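Remember, predicted model here, so these are calculated numbers, not experimental data. Every chain is numbered from 1, with letters handed out A, B, ... down the list of sequences.
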Amino acid sequence: MGGWDSVYALVKKIPRGKVLTYGALAKATSLPGGARAAGRAMAATPKGQGIPWHRVVGAAGKLLIREPYASLQKKLLASEGAKLIESRVDLKSCHWIASSARRAQAASRVARARKRKPLRRRC
DNA sequence: CATCTGACGACCG
DNA sequence: GCGGTCGCCAGAT
């Protein structure tokens with residue numbers, strides 16, 4: 001195993017309905033080898049660990065993985081409310097940045113306050 | 001031990 | 001916006 005634990009940890013931290021690009025992920029975790037390493041990390045994602053691997057997409061929000069994972073990812077993202085356009089995700093509204101976790105937290109709080117109801121958590 | 005293969009991204013035409 | 005090339009690295013055969 002490599003230092004991919006930090007990668008998985010960060011992926012787990014991605015808010016529902018948001019996505020992170022391989023490049024950003026690699027950068028955020030200081031992964032050597034860049035985006036490719038992030039991709040490998042995802043490919044090697046241990047199943048049953050509750051890791052939302054589907055929230056990790058390509059540079060332009062494009063879904064790069066192939067079947068059968070592709071359809072599954074689409075399905076999961078769609079169920080989370082992510083803006084899906086064919087095989088892409090609208091980063092404009094769904095891109096999440098680890099650096100702005102603080103801000104995202106605030107946004108999350110707002111969303112929660114808006115509903116005032118316990119939002120059913122998936123995954 | 002040598003080689004191949006990929007869940008990538010930046011660049012170029 | 002799309003497709004081809006190159007660099008990069010780890011795991012599989």
**Study point:** Distance-only donor-acceptor test, A:Arg40 side-chain atoms vs C:dC9 base atoms, 3.5 Å
**Key:** yes

Exercise for review: Take A:Leu84 and A:Lys74 through the test side chain to side chain contact (heavy atoms under 4.5 Å, CB included) and record every step on the way to the result.
Suggested key: CA-CA 8 Å; A:Leu84 270 181; A:Lys74 278 189 193 174; 4.2 Å; yes

Practice item. Quick one: label A:Ala59 by what it contacts on the DNA or RNA (base, sugar-phosphate, nothing), any heavy atom closer than 4.0 Å. Key: sugar-phosphate

Review point. Rounded to whole angstrom units, what separation is found between the OH atom of A:Tyr22 and the P atom of B:dA10?
Key: 14 Å

Exercise for review: Tell me what A:Gly58 touches on the nucleic acid: a base, only sugar-phosphate, or nothing, going by heavy atoms under 4.0 Å.
Suggested key: sugar-phosphate

Check your understanding: Roughly how many Å is it from NZ in A:Lys74 to P in B:dA7, rounded to a whole number?
Key -> 17 Å

Practice item. Could you please spell out the steps behind the side chain to side chain contact (heavy atoms under 4.5 Å, CB included) verdict for A:Val57 and A:Leu64? Key: CA-CA 7 Å; A:Val57 300; A:Leu64 302 169; over 6 Å; no

Point to revise | Check against side chain to side chain contact (heavy atoms under 4.5 Å, CB included), A:His95 and A:Thr21 | key: CA-CA 8 Å; A:His95 191 199; A:Thr21 62; 4.0 Å; yes

Practice item. Verify the contact: side-chain N or O of A:Arg36 to OP1 or OP2 of B:dC8, cut-off strictly under 4.0 Å; return yes or no. Key: yes

Review point. NZ of A:Lys27 versus P of B:dA10: gap in Å, rounded?
Key: 10 Å

Exercise for review: Quickly work out the A:Leu63 CG to B:dC8 C1' distance and round it to whole Å.
Suggested key: 14 Å

**Study point:** Protein-nucleotide distance (A:Lys62, atom NZ; C:dC2, atom P), rounded to Å
**Key:** 6 Å

Exercise for review: Rounded to the nearest angstrom, tell me the gap between atom NE2 in A:His95 and atom P in B:dG9.
Suggested key: 10 Å

Point to revise | Nearest-nucleotide comparison on DNA chain C, the residue closer to the 5′ end among A:Arg88 and A:Gly34 | key: A:Arg88

Practice item. Measure the distance from CE on A:Met42 to P on C:dA10 and round it to the nearest whole Å. Key: 16 Å

Point to revise | For atom CH2 of A:Trp4 and atom P of B:dA7, their distance in whole Å | key: 12 Å

Practice item. I would like to know whether A:Leu20 and A:Leu10 meet side chain to side chain contact (heavy atoms under 4.5 Å, CB included); could you show each step before the answer? Key: CA-CA 10 Å; A:Leu20 194 58; A:Leu10 183 59; 4.2 Å; yes

Practice item. Give a yes/no answer on whether the side chain of A:Arg66 brings an N or O atom under 4.0 Å of OP1 or OP2 in B:dA7. Key: yes

Practice item. Give a yes-or-no answer on whether the side chains of A:Glu67 and A:Ser71 include a donor-acceptor pair shorter than 3.5 Å. Key: yes

